[in-house]
Enquirer: 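Pasting in a structure now, in structure tokens, and then I'll have a few things to ask.
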Amino acid sequence: MPRFDDLPPDVPRLLVTPRALSTKEKDGPVADPARMYNFYLRGKDNYEVDRVAGQKVIDATDGEAIPMAEENLRFASRAAAYVVGERGMRQVLDIGMGIVNDLPADLPTVERAIRAAADGVVLVGFDHSPIVLAHSRALRSAPDDGYDAVIGADLRDLDSLFASAELEDLIDLGQPVGVVLAAVLHFITDDEDPAGLLADLHGRLAPGSCLVLSHACSTGIPQQAVCGMTDGYRRASSQLTFRTEEDILALVQDAGWEPVDPDIPLDDVQSWAPPGQVHQYTGKAFGKVRVVGMVALSSKGAG
């Protein structure tokens, strides 16, 4: 699979060097959550500052952060495939794509899962990180197995996201849309109003639209581990906000989204399966880190 070193010569190197990174202080670059995630996933497109921060998270979880990152990626791919294969979505927005072009062959990606599940899906990726955008445009933009378009946008600014001319050319907002928000919302602080953002997103989409969401969860996890993971992101470009099961479910439902499986509205990502199905997780049990996921329908067309 292509790597950072394989970027074509027309990709601006300024976008993929530490000198272009946003900083919180004048003394150098800070860790980036997308590159930290790449580090957890055994990728190579990360820097020393990301590995130092990521190692704090790994240590705080006794190593569990690595397999959990993999299970989150598997969940996102499995759930995205369900949305297009069984719910019939033919338009998908993947908000927060991350850097997954250089991963080991045993790990899936959202775009490959979608392409394998159904033909004729229009898939548009979004990210606010210049480095993620540079990688994705160069290495993940083949319509046969990647994105139809990669657009620079931030979940915190939905007006700009939906104002994109490229999005308007590709996506019919009068028809249902699938939205993937995998491991994104926990980087939206309470002050940034995640409930309001989800409600705004819901209001812009047609009845029958679907949401794939995963989120770091503090329920059932030792407080020491939660604090350790939070500390690992303290000097990163985005902070990590843990929420309880109850709070995550309330964020989604108060915004107008209803879980497709009312009996299991929220499940651990390693165990999540479509309604009426079972996904058998065979790995080691997690005790120091927890990520939960769901697929939800717009309440304008649930049922």
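What's counted below: heavy atoms across the whole structure, side chains too, no hydrogens, waters or symmetry copies. Treat the numbers as computed from the prediction; the structure is a model and nothing was measured.
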Enquirer: Under 3.5 Å, side chain of Asp148 to main-chain N/O of Leu123, donor-acceptor pair present?
Expert: yes
Enquirer: Kindly work out whether a path of hydrophobic side-chain contacts (I/L/V/M/F/W/Y, heavy atoms less than 4.5 Å apart) joins Val150 to Val121.
Expert: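 Shared cluster, yes.
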Enquirer: Looking at Asp45 and Asp102, what are the two nearest heavy atoms and their distance?
Expert: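 Heavy atoms only, the tightest pair is N-OD2, 3.0 Å.
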Enquirer: Could Arg156 and Asp193 be called an ion pair, given the rule that one side-chain N must be under 4.0 Å from one carboxylate O?
Expert: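 Between Asp193 and Arg156 there is no salt bridge, as every charged N stays at least 4.0 Å from the carboxylate O atoms.
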Enquirer: Under a 3.5 Å distance rule, please check whether Thr61 uses its side chain to pair with a backbone N or O of Ile58 as donor and acceptor.
Expert: yes
Enquirer: Are Arg112 and Asp94 close enough for a salt bridge, meaning some N to O gap below 4.0 Å?
Expert: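 No salt bridge links Arg112 with Asp94.
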Enquirer: Quick one about Arg243 and His186 (side-chain donor to acceptor, distance below 3.5 Å, no hydrogens or angles considered), yes or no?
Expert: no
Enquirer: Grab the two heavy atoms, one from Ser214 and one from Asn72, that are nearest each other, plus how far apart they are.
Expert: OG-OD1, 2.7 Å
Enquirer: I'd like to know if Arg234 and Asp231 make a salt bridge, using a cut-off of under 4.0 Å between side-chain N and carboxylate O.
Expert: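 Looking at Arg234 and Asp231, the cut-off is met.
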Enquirer: When you measure from the side chain of Asp50 to the backbone N and O of Tyr47, does any donor-acceptor pair fall under 3.5 Å?
Expert: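 The answer is yes, because a donor-acceptor pair under 3.5 Å joins these two groups.
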Enquirer: Is Gln224 atom CD crowded by more than 12 heavy atoms from other residues, nucleotides or ligands, each under 6.0 Å away?
Expert: no
Enquirer: Using modelled atom types and a 3.5 Å cut-off, is there a donor and acceptor pairing between side-chain atoms of Gln91 and backbone atoms of Pro176?
Expert: yes
Enquirer: Answer whether the closest heavy-atom distance between the side chains of Val180 and Leu93 falls below 4.5 Å.
Expert: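 Sidechains of Leu93 and Val180: no contact.
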Enquirer: Is the His202-Trp257 ring centre distance short of 6.0 angstrom?
Expert: yes
Enquirer: Find the distance between NE2 (His279) and CG (Asp268) and round it off to the nearest 0.5 Å.
Expert: 11.5 Å
Enquirer: How close do Gly287 and Ile221 get, counting heavy atoms only, and between which atoms?
Expert: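 Heavy atoms only, the tightest pair is O-CD1, 3.9 Å.
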Enquirer: Using every non-hydrogen atom in the two residues, find where Ile66 and Tyr40 come nearest and quote the distance to one decimal.
Expert: CG2-O, 3.4 Å
Enquirer: Can you tell me if Thr230 uses its side chain to pair, donor with acceptor, with the backbone of Val226 under 3.5 Å?
Expert: yes
Enquirer: Between Met68 and Val291, what is the shortest heavy-atom contact and its length?
Expert: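 Distance-wise, the nearest heavy atoms are CG-CG2, 3.7 Å.
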Enquirer: Does Arg78 reach the main-chain N or O of Trp272 with its side chain, forming a donor-acceptor pair under 3.5 Å?
Expert: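 Judged by distance alone, yes, a pair lies under 3.5 Å.
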Enquirer: Check the hydrophobic clustering (I, L, V, M, F, W, Y; side-chain heavy atoms under 4.5 Å; chains of links allowed) and say if Tyr82 and Met294 are grouped together.
Expert: no
Enquirer: Can you see which heavy atom on Lys288 is nearest to which on Glu64, and at what distance?
Expert: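 It is N-OE1, 2.7 Å.
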Enquirer: Once rounded to the nearest 0.5 Å, what's the spacing between atom CG of Leu185 and atom OG1 of Thr241?
Expert: 9.0 Å
Enquirer: Does the Gln175 side chain pair with the main chain of Ala206, one donor and one acceptor, at a distance under 3.5 Å?
Expert: no
Enquirer: Checking side-chain polar atoms at under 3.5 Å, does Asn38 have a donor or acceptor matched by the opposite partner on Asn46?
Expert: yes
Enquirer: Carefully, step by step, assess Asp106 and Arg42 under the rule salt bridge (Lys or Arg N to Asp or Glu O under 4.0 Å).
Expert: CA-CA 11 Å; Asp106 62 313; Arg42 297 174 281 157; 3.2 Å; yes
Enquirer: Judged by atom type as modelled, is there a donor-acceptor pair below 3.5 Å linking the side chain of Tyr147 to the main-chain atoms of Ser136?
Expert: no
Enquirer: Between the main-chain N or O of Tyr233 and the side-chain N or O of Gln239, is there a donor-acceptor pair closer than 3.5 Å?
Expert: yes
Enquirer: Are the side chain of Arg204 and the backbone of Phe162 linked by a donor-acceptor contact shorter than 3.5 Å?
Expert: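 No: the side chain of Arg204 does not pair with the backbone of Phe162.
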Enquirer: Using a distance-only test with no angle check, is there a side-chain donor-acceptor pair under 3.5 angstrom linking Glu70 and Gln270?
Expert: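 Absent: no donor and acceptor within the cut-off.
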Enquirer: side-chain contact (heavy atoms from CB on, under 4.5 Å) between Asp32 and Ile131: does it pass, once the steps are laid out?
Expert: CA-CA 10 Å; Asp32 177 82; Ile131 290 180; over 6 Å; no
